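We count residues from 1, following the sequence as given. Because only heavy atoms are used, hydrogens play no part in the values below, and waters and symmetry mates are left out as well, while side chains stay in. Given the structure is predicted, the values throughout are model-derived calculations rather than measurements.
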Amino acid sequence: LIVEDEKRMASLLLDGLRDQGLAAEVCGRGDEALELLRMGGFDAAVLDIMLPGRDGISITKELRAWGNQVPILMVSALGSVDERVAGIEAGADDYLAKPFSVKELAARLKALGRRSLKMPQQTGEHMLSLADLTLDLHRREARRGGERLNLSARETLLLEVLLRHTGHICGRRLLLEEVWEYHFDQGSNLVDVFIRRLRQKLDIGHELKLLHTVRGADYVLQEGAP
């Protein structure tokens, strides 16, 4: 579902995504988009932040509050860090700042659709843990010191990847591939913004810090500083 109120842009996106092999529909109002997404049937949504009827951030918040986990890629002409963080806090899975290419948009949507926050593989594995941090793979529920962490679906997936690599340095490229299935450098600080949000939820209020930055560019999940 493409939610874009500027008719010329909506038409360009619709034709471009169809040329890339994706079936798409267009909606020009936020309130109408919310109802369409509530009914289901879409593999992903492209939401502009500024929309008539309802803004993209409030749509995302309401969908997530209902337990609707449709992958959401948020777009904005502003593209500021604060806007990106607001979108991620609301539950968006990715973002693009205007202007962007339709090919990149299509690639990101395909990746979100493939990953689509899959359930864990049936390997018999049930729990991942480090110190007082646990992640229940079946319930997709994380706890620190026994208290449940309020993580979005994408943050939960990021935590799972980091826990599977406990003690090992994880670069941005690895995290992009494992969490978003992006097999290319998409030239943004997407990983950094999600790591920042995850660190706040994991470590604030705890003496023992678990999520660390290494060399200013990579990350590691372990007990104590690397």
Next on the checklist: Test of understanding: with ring pair (Phe, Tyr, Trp, His ring centres under 6.0 Å), list the residues that count as partners of Y219, not counting sequence neighbours.
Outcome noted: none
Next on the checklist: Among D218, D192, L190, V191, exactly one meets side chain to side chain contact (heavy atoms under 4.5 Å, CB included) together with L175. Which residue is that?
Outcome noted: V191
First locate atom [atom1] of [X], then atom [atom2] of [Y], and finally report the distance between them rounded to the nearest 0.5 Å.
{"X": "I88", "Y": "D94", "atom1": "CD1", "atom2": "CG", "result": "8.0 Å"}
{"X": "L133", "Y": "E223", "atom1": "CG", "atom2": "CD", "result": "10.0 Å"}
{"X": "L22", "Y": "L14", "atom1": "CG", "atom2": "CG", "result": "11.0 Å"}
{"X": "I2", "Y": "C27", "atom1": "CD1", "atom2": "SG", "result": "11.0 Å"}
{"X": "L105", "Y": "R108", "atom1": "CG", "atom2": "CZ", "result": "8.5 Å"}
{"X": "Q222", "Y": "L162", "atom1": "CD", "atom2": "CG", "result": "11.5 Å"}

Checklist entry - Run the side chain to side chain contact (heavy atoms under 4.5 Å, CB included) check on L202 and L221 step by step: do they pass? => result CA-CA 11 Å; L202 284 184; L221 193 70; 4.2 Å; yes
Is [Y] close to [X] at the side-chain level, that is, under 4.5 Å between some pair of heavy atoms?
{"X": "V102", "Y": "L17", "value": "yes"}
{"X": "W66", "Y": "L34", "value": "yes"}
{"X": "L174", "Y": "H165", "value": "yes"}
{"X": "E62", "Y": "R54", "value": "yes"}
{"X": "L158", "Y": "R154", "value": "no"}
{"X": "D132", "Y": "H206", "value": "yes"}
{"X": "V3", "Y": "L36", "value": "no"}
{"X": "L149", "Y": "E155", "value": "no"}

Next on the checklist: Are there over 12 heavy-atom neighbours, none belonging to E141, within less than 6.0 Å of that residue's CD?
Outcome noted: yes
Next on the checklist: With a 6.0 Å cut-off (strictly less than), is the heavy-atom count around NZ of K103, excluding the residue itself, greater than 12?
Outcome noted: no
Checklist entry - Using 30° and 60° as the class limits, which term best fits the ring planes of W180 and F194: parallel, tilted or perpendicular? => result perpendicular
If two hydrophobic side chains count as joined below 4.5 Å and joins carry through other members, does [X] share a cluster with [Y]?
{"X": "V214", "Y": "I195", "result": "no"}
{"X": "I204", "Y": "V193", "result": "no"}
{"X": "V161", "Y": "I169", "result": "no"}
{"X": "L109", "Y": "L12", "result": "no"}

Might you point out which heavy atoms bring [X] and [Y] nearest each other, and give the distance in Å?
{"X": "L137", "Y": "L128", "result": "CD2-CD1, 3.9 Å"}
{"X": "P52", "Y": "D5", "result": "CD-CB, 3.5 Å"}
{"X": "I57", "Y": "A86", "result": "CD1-CB, 3.7 Å"}
{"X": "G91", "Y": "T60", "result": "C-CG2, 3.7 Å"}
{"X": "R64", "Y": "N68", "result": "NH1-O, 2.8 Å"}
{"X": "R140", "Y": "L135", "result": "C-CD1, 4.5 Å"}

Next on the checklist: Which residue is it: E6, E4, E104? I am looking for the one with a salt bridge (charged side-chain N to carboxylate O under 4.0 Å, His left out) to K98.
Outcome noted: E4
Next on the checklist: Could you go through R143 and D136, starting from their C-alpha distance and side-chain angles, then the distance that decides it, and tell me whether this counts as salt bridge (Lys or Arg N to Asp or Glu O under 4.0 Å)?
Outcome noted: CA-CA 9 Å; R143 292 181 178 272; D136 187 315; over 6 Å; no
If we ignore hydrogens and angles and just use 3.5 Å, is the side chain of [X] paired with the main-chain N or O of [Y] as donor and acceptor?
{"X": "D48", "Y": "L51", "answer": "no"}
{"X": "K201", "Y": "N150", "answer": "yes"}
{"X": "K61", "Y": "A90", "answer": "no"}
{"X": "D93", "Y": "L73", "answer": "no"}
{"X": "S11", "Y": "R8", "answer": "no"}
{"X": "H212", "Y": "G224", "answer": "yes"}

Checklist entry - Any side-chain donor-acceptor pair under 3.5 Å between R197 and S152? => result no
